[in-house]
> 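I have a structure here, written as structure tokens, and I will follow up with some questions on it.
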Amino acid sequence: MAVVTEQLTESDYATIRSIMAGNTTYVEIQRDLGVSYSAVRGRLYSLFAKTGAQNMTTLVLMVVGRLPCNVTLIESELSPWPPNNSQPAT
């Protein structure tokens with residue numbers, strides 16, 4: 001694991017939450033976060049550099065603990081993930 005030189009920002013966590021909510025294209029993330037396409041692209045490149053992920057799938061796997069990550073993730077920053085909509089089937 002690489003040495004952590006940067007911490008994730010609130011906008012990093014917002015981007016991760018958006019991806020985990022099912023927004024998987026730059027345009028979907030842009031609409032969800034209310035930022036420009038360029039901002040989404042920049043945030044993702046920054047996240048990939050900080051975490052060592054090569055794509056959104058790898059990033060999510062790192063976040064959920066399935067792959068090692070170069071940064072320490074703060075679980076409370078990822079709230080409300082996972083969503084609490086587990087209701088019994090009727």
Side-chain angles (χ1 to χ4, degrees):
M1 188 177 299
V3 176
V4 177
T5 57
E6 296 182 69
Q7 296 298 319
L8 297 183
T9 65
E10 176 54 39
S11 59
D12 290 334
Y13 282 109
T15 303
I16 293 169
R17 286 191 298 268
S18 182
I19 295 167
M20 293 179 77
N23 299 304
T24 58
T25 68
Y26 287 15
V27 172
E28 290 172 338
I29 297 167
Q30 170 192 3
R31 288 181 184 151
D32 183 47
L33 299 179
V35 298
S36 71
Y37 184 91
S38 298
V40 171
R41 188 176 61 200
R43 287 180 184 188
L44 285 172
Y45 286 137
S46 173
L47 272 168
F48 296 159
K50 289 177 183 179
T51 62
Q54 295 179 352
N55 55 49
M56 286 186 241
T57 301
T58 305
L59 178 64
V60 170
L61 289 173
M62 289 175 168
V63 168
V64 297
R66 301 286 186 219
L67 291 174
C69 185
N70 291 345
V71 296
T72 302
L73 298 164
I74 302 169
E75 289 185 31
S76 63
E77 294 292 337
L78 294 170
S79 295
W81 191 262
N84 188 12
N85 37 341
S86 55
Q87 298 178 356
T90 57

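If you read the sequence from its start, that first residue is 1, and numbering goes on from there.
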> Mind listing the closest non-hydrogen atom pair of Thr15 and Arg43 along with its distance?
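Answer, listing the atom of Thr15 first, then Arg43: OG1-CD, 3.1 Å.
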
> List the atom pairs, donor and acceptor, that lie under 3.5 Å between side-chain atoms in residues 22-29 and the rest of the protein, sequence neighbours left out.
residue : atom : partner : partner atom : Å
Asn23   : ND2  : Ser18   : O            : 3.2
Asn23   : ND2  : Ser18   : OG           : 3.1
Asn23   : ND2  : Asp32   : OD2          : 3.4
Thr25   : OG1  : Glu28   : N            : 3.1
Glu28   : OE1  : Thr24   : N            : 2.7
Glu28   : OE1  : Thr25   : N            : 3.2

> Hey, could you give me the CG/CZ distance between Asp12 and Arg17, rounded to the nearest 0.5 Å?
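If we round to the nearest 0.5 Å, Asp12:CG and Arg17:CZ are 10.5 Å apart.
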
> Would you say Asn55 and Thr58 are linked by a side-chain donor-acceptor pair, where the criterion is simply a distance under 3.5 Å?
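Yes, side-chain donor-acceptor contact under 3.5 Å.
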
> What's the spacing between Met62 CE and Thr51 OG1 if we round to 0.5 Å?
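That separation rounds to 5.0 Å.
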
> Quick check for you: to the nearest 0.5 Å, what is the distance between Leu59 atom CG and Leu44 atom CG?
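Here the interatomic distance stands at 7.5 Å.
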
> Mind checking what makes side chain to side chain donor-acceptor pair (under 3.5 Å) contact with Ser36, not counting sequence neighbours?
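Checked Ser36 against side chain to side chain donor-acceptor pair (under 3.5 Å); zero matches.
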
> Side-chain contact test, heavy atoms from C-beta onward, threshold under 4.5 Å: evaluate it for Thr9 versus Lys50 and give yes or no.
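Thr9 vs Lys50: side chains touch.
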
